[in-house]
Structure formats: C-alpha cells, structure tokens
Amino acid sequence: MPVNGRRSAPWLALSVLALGLFMTLLDLTIVNVAIPSIVDDLHSSLDQILWVLNGYSLVYAVLLITSGRLGDIFGPRNMFAAGIVVFTLASAFSGLAQDPLQLILARGAQGLGAAMLAPQGLPIMLSIFPPERRGGVFAIYGSLAGLAVLLGPVLGGFIVTHFGWRWIFYVNLPVGLLTFALAFLFVPDLRPGRRHRLDFTGVVLATAGLLAVVFGLIEGQRYAWGTVWSWITIPEIIGAGVLTLAVFLLIQWRRQDREPLLPFAVFKDRNFTLMSLVLLAMGFAILGVFLPMTLYFQSVLGLSAFAAGLAIAPQPLAMILLSGPAAALAARYAKYILIVGLTLFAIGVAYIAWTAQVTSNRWSFIPGLVIAGVGMAGIWTPVFSLATRDLQPRLAGVASGVVNTIQELGGVIGSAAIGALLQNQLATDLHTRAVSYSTQLPGQVRGPFVDGFSQAAKAGLQVGRGQTGTSVSLPAGIPIQIAQQIQHVAHLVFTQAFVDAMRPTMALAIAVILVAAVGSFAARNRGRGDQAQSVLESAQAPASVA
C-alpha cells in the first residue's frame with residue numbers, strides 16, 4: 001500500500017542518518033583506547049597525542065553551526081552525503097599516517113567531515129516526522145551516544161589488539177561507502193524555502209580564537225609556559241585567542257539582525273542557557289575522566305587495549321541499561337533527575353580516583369564505574385528535555401547546532417586543560433619520585449637518572465604502554481644487572497608519578513561536574529506551557545470545603 005510505503009520511508013531515512021552519526025560518534029571514543037599503541041608506533045609525545053584528539057574535536061566543534069547554515073543553503077541531504085565522503089577519505093589517510101603530524105592533519109579532516117554531516121539530521125527529522133513521533137526519534141539519537149561510548153573502547157581494543165591501530169580507521173571505509181549510497185536512496189532531498197547567508201567573518205574569528213587558546217593550553221608545559229617563537233610567549237598566544245573570541249562575540253552582537261553565526265536569541269531562554277552550560281561541563285568532564293583512565297589502564301596496569309576497553313565497559317553498560325527508566329522519570333522530574341545524575345557521576349569518578357593505585361586490580365574500579373554509569377543515565381535525556389522545552393520552533397535548528405557546538409567546545413577545552421594539568425603535574429611528580437627512588441641505585445648513575453626525568457617535559461613526555469616517561473641516559477659500560485635495575489626503578493618512578501598526577505586532573509573534572517549540578521537548581525522543571533495549564537486548571541477547580 002502506498003500509505004504504508006510512505007510511513008516506512010521516514011524510518012529508513014532515520015536509519016541512514018543514524019548510521020552516519022554513529023560512525024562519527026564511535027570515532028570519538030574508539031581512538032582513545034588506541035592512544036598507547038599510536039604513541040609506541042609513531043613515537044608520539046603526550047602533547048602530540050592530545051592534538052590527535054583535538055584535531056578532530058576542534059574542527060568538529062568550530063564548524064558545526066557553519067555546516068548547519070550550509071545545509072540551509074545547499075540542502076541537508078547533500079551536505080550529509082558530502083560529509084560522509086570527506087570523513088571516509090580522511091579515515092583512509094588516518095590509517096596510512098606515518099608520523100604524528102600526518103595523523104593530526106588527517107584527524108582534522110575527519111572532524112571536518114563529521115561537522116558537515118552531524119547537524120543535518122535535525123532539520124530532516126523535523127520535516128519527515130510528525131510532532132507526536134519526534135520524542136522516539138530523538139531518544140534513538142540519544143541512545144547512539146551511549147552505544148558508541150560502550151562499543152568504542154571494546155571494539156577499538158579488539159581491533160588494536162588483533163589487527164593494529166590503523167584498522168580502527170580502515171573499518172570506516174566500507175561503512176562510509178554504504179552510508180553514502182543509502183543516503184541517496186532513502187534520505188529526501190529537502191531544499192531551503194528562503195535564501196540564507198554565511199557569516200564568513202564569524203567563522204574566521206571563532207576558528208582563530210579557539211586555535212590560539214587550545215594551542216596555548218596543550219603546548220604550555222612543553223615550552224615551560226614561556227617563549228615559543230622569537231618574542232611570542234604561551235600566555236600571549238592564549239591572551240590573543242581570548243581577545244579574538246571577545247571580538248567575535250562583539251561582532252555577533254552587532255549582526256543579530258543579519259543571520260549571525262551565533263544567534264543570541266536562543267540564550268534568552270533560561271533553561272536552554274543553563275543546559276548548554278551543563279553540556280559544556282560534561283564535555284569537559286568526560287575528557288577529564290577517560291583520558292587519564294585510558295592511559296592509566298595501559299601504561300600503569302599494563303593492560304592490552306582490548307582488556308582496557310573491557311575494564312571501562314561497566315560504565316556505559318550501566319548507562320544504557322538505566323537510560324529507559326531515567327527517561328521515563330525525566331518526563332515529570334527532569335530537573336531533579338539531572339541533579340541526582342550529575343551528583344552520582346561525580347561520586348563514581350571520585351571513587352575511581354580514590355581507588356587508583358599502582359598495584360590496583362582492574363576489577364576494583366567496577367563500583368565506581370557502575371555508579372558513574374547510573375549517574376550518566378540520568379543526565380542526557382533531562383538535559384535535552386529541559387533545553388528544548390520552551391524554545392520557539394523557529395530557533396530549533398540553530399539551537400541544535402549551538403548545543404552540539406558548546407558540548408564539543410567543552411570537550412576541546414577539557415582535553416587541552418586536562419592535558420596541560422596532567423603534563424604539568426606529571427613533570428613535577430617525575431622529578432620528585434626520581435629523587436626519592438634514585439637512592440636505590442649506585443651513586444654514579446643517580447645524577448643522570450634524576451636529570452633524565454627532570455628534563456622529560458621539555459623533550460615531550462612519553463606515556464605509551466611500558467614507557468618510563470623518559471629515556472634515561474646511562475654511562476657507557478654499565479653492567480647488565482645494573483641496567484636492568486635502572487629500568488625497573490625507572491618504571492616504578494613513572495607509574496607512581498602517573499598515579500599521583502592523574503588524581504588532581506580527575507579532581508578538576510569532579511569539581512566541574514558538581515558546579516553543573518548546583519547550577520541545575522536554577523532550571524525550571526516545568527515548561528511555561530505546563531505552568532500556564534496548571535494555573536488554568538487551578539482556576540477552574542472547585543474551591544475546597546474546610
């Protein structure tokens with residue numbers, strides 16, 4: 001029947017869009033578990049690896065709103081398909097990379113492809129699904145994030161362990177080709193009803209400002225927070241980035257009547273503004289938790305990539321299992337479910353940070369991971385429910401781009417800030433531990449041993465599986481027994497220093513989560529429409545008899 005055919009078409013289109021989105025979400029998490037293998041193979045330092053992560057996230061975050069505007073101009077289906085092409089080709093180049101710079105550039109191109117396709121789903125879904133079915137549609141989209149978080153470390157660990165890290169990128173090739181073909185078969189080609197313009201000045205200013213800030217945070221420790229080139233220093237680079245972003249906001253304010261890159265109208269709604277800040281905090285905190293944890297499981301506990309993925313799996317598994325009940329409760333108690341969820345997530349992370357020791361067992365983290373997963377189950381649905389409850393329909397598309405952008409910016413800033421703090425703390429703790437443990441070594445090698453760790457930050461900290469954090473220069477003719485003793489002590493120094501350094505970084509993430517929880521008290525639990533209906537029902541109800 002034709003009617004049935006029409007009814008099935010939207011779900012086929014949703015499946016294609018979901019497949020493309022899932023591929024990009026999976027790539028955000030699947031790379032984390034491969035970091036130590038990439039470090040070992042490409043001889044990358046920690047700050048270079050952070051750029052492998054940020055090369056994707058930064059481009060993705062900066063261009064989300066821009067690509068959403070391009071979707072208005074050229075049609076969302078066409079932008080989606082173009083994004084798939086760019087993402088798939090960039091995946092191939094990522095797998096072929098022979099040095100850290102090539103991988104960073106290819107990951108940036110992946111971020112471009114992801115930014116092109118990610119914002120196109122919402123306008124298509126709003127066009128092909130009636131309002132009464134959109135809740136289920138957005139629930140499917142939301143569950144994809146949890147599934148990607150679950151499958152990323154496990155699937156990534158399996159691929160890295162059995163096939164090598166390059167295959168985490170090659171696996172995108174057949175999926176990308178399939179998605180591209182299905183997009184033209186099942187996704188409708190919607191055309192804009194009016195002409196739109198692109199704010200090129202806004203794009204340039206936002207990109208330049210963010211690049212300067214993030215570069216300064218990532219490279220600060222490497223340059224001892226001093227001079228980078230000639231008279232240019234790290235603080236000056238960060239300051240220039242902040243100033244550029246301030247100019248960006250000023251110009252956006254003056255262009256609010258001419259389709260700016262960032263429309264301020266969406267921030268007039270209190271819930272939307274508060275939930276955007278919660279998403280910013282979550283983007284920051286997730287990187288602050290899982291970046292040091294991934295390195296800890298492999299570099300300190302010595303787990304394989306696959307075993308590390310399985311060790312983290314209880315957290316996303318608990319999130320997926322409890323997302324349904326949390327979503328049902330969020331229909332009436334969104335604000336309170338969100339506050340409880342953020343608090344539980346912070347408690348789970350605190351348990352993990354408290355439990356982490358050089359001699360810890362992977363199973364000892366399960367309670368903390370489960371508590372954090374239960375907390376995250378109570379975060380995502382309430383956040384989006386509260387954020388969109390009172391938004392005007394004409395702002396829905398722009399609001400989606402803004403929310404996604406803010407969340408990704410949180411991840412970028414979090415990765416840079418956490419990486420800077422981790423490097424700074426690790427450099428300090430390496431020196432302290434090296435001085436302490438050097439007493440176990442013969443006198444003639446103590447000086448070079450301590451100097452090697454003290455200079456580790458300037459040379460680029462090494463954090464791959466089995467690394468000691470630095471290469472210790474030894475005098476010629478050292479007996480093999482003493483050399484082995486030095487390597488053993490060097491490993492003790494690195495592992496203990498890393499554990500000491502990861503706790504402050506996770507404490508920063510916990511603090512950000514708790515600030516978001518406190519801020520959520522200011523949200524309206526009921527929408528303006530619900531409140532108006534409540535007042536009307538109260539006025540119409542008969543007076544109670546005393």
Side-chain angles (χ1 to χ4, degrees), residues 35-36 39 44-51 214-228 233-235 237-238 284 287-289 291-301 349-350 352-354 356-360 413-441 445-464 466-473 486-512:
I35 286 175
V39 168
S44 309
S45 61
L46 178 57
D47 56 338
Q48 290 173 322
I49 283 298
L50 287 171
W51 272 108
V214 175
F215 175 86
L217 288 172
I218 292 178
E219 297 291 312
Q221 178 63 40
R222 186 176 180 86
Y223 291 101
W225 302 98
T227 302
V228 180
T233 67
I234 289 290
I237 292 173
I238 295 176
F284 182 101
L287 263 296
V289 172
L291 176 62
M293 269 191 67
T294 300
L295 294 172
Y296 167 80
F297 276 129
Q298 297 184 68
S299 298
V300 177
L301 298 190
V349 174
I352 292 168
W354 174 73
Q357 303 287 343
V358 173
T359 56
S360 294
I413 296 170
S415 179
I418 292 297
L421 178 58
L422 182 61
Q423 287 191 91
N424 182 65
Q425 195 67 36
L426 184 55
T428 301
D429 289 331
L430 282 173
H431 173 76
T432 302
R433 291 287 176 179
V435 171
S436 174
Y437 280 86
S438 65
T439 57
Q440 303 177 22
L441 300 173
V445 299
R446 291 178 186 174
F449 182 84
V450 174
D451 289 342
F453 281 106
S454 299
Q455 299 299 318
K458 295 180 180 179
L461 293 167
Q462 303 294 321
V463 293
Q467 294 284 352
T468 60
T470 184
S471 53
V472 180
S473 137
I486 291 172
Q487 291 303 319
H488 173 70
V489 174
H491 179 70
L492 291 177
V493 168
F494 173 73
T495 54
Q496 188 60 62
F498 190 89
V499 171
D500 292 341
M502 72 179 283
R503 288 202 181 99
T505 64
M506 297 182 80
L508 177 59
I510 293 168
V512 169

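Residue indices begin at 1 and follow the sequence shown. Not measured: the values here are computed from a predicted model.
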[X] and [Y]: which non-hydrogen atoms are nearest, and at how many Å?
X: Val499; Y: Ala356; answer: CG1-O, 3.7 Å
X: Val358; Y: Gln496; answer: CG2-OE1, 3.4 Å
X: Phe494; Y: Leu430; answer: CA-CD2, 3.9 Å
X: Pro292; Y: Met502; answer: CB-CB, 4.1 Å

Open item on the list: Taking side chain to side chain contact (heavy atoms under 4.5 Å, CB included) as the definition, give me every residue that meets it alongside Ser360, ordered by chain and number, with sequence neighbours left out.
Closed with: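 In terms of side chain to side chain contact (heavy atoms under 4.5 Å, CB included), with neighbours along the sequence ignored, Ser360 is linked to Tyr296, Gln357, Ser364, Phe365.
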TODO: Please identify each residue that fulfils side chain to side chain contact (heavy atoms under 4.5 Å, CB included) with Ile510, with sequence neighbours left out.
DONE: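 Scan of Ile510 (side chain to side chain contact (heavy atoms under 4.5 Å, CB included), adjacent residues dropped) gives Ala346, Val349, Ala350, Leu514.
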Any chance you could measure [X], atom [atom1], to [Y], atom [atom2], to the nearest 0.5 Å?
X: Thr233; Y: Ile237; atom1: OG1; atom2: CD1; value: 7.0 Å
X: Met293; Y: Thr505; atom1: CE; atom2: OG1; value: 11.5 Å
X: Ile352; Y: Met506; atom1: CD1; atom2: CE; value: 5.5 Å

Open item on the list: List the residues meeting salt bridge (charged side-chain N to carboxylate O under 4.0 Å, His left out) with Asp500, not counting sequence neighbours, and say none if there are none.
Closed with: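 Applying salt bridge (charged side-chain N to carboxylate O under 4.0 Å, His left out) to Asp500 gives Arg433.
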Open item on the list: Per the salt bridge (Lys or Arg N to Asp or Glu O under 4.0 Å) rule, what does the pair list look like for residues 419-431, sequence neighbours excluded?
Closed with: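 Listed by first then second residue: nothing to list.
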Task: Side chains of Phe284 and Leu508 in contact at under 4.5 Å (non-hydrogen atoms) - done: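 Answer yes - side chains close enough.
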- [ ] Among Thr359, Leu295, Thr495, find the one that has a side-chain contact (heavy atoms from CB on, under 4.5 Å) with Val300.
- [x]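 The passing option is Thr495.
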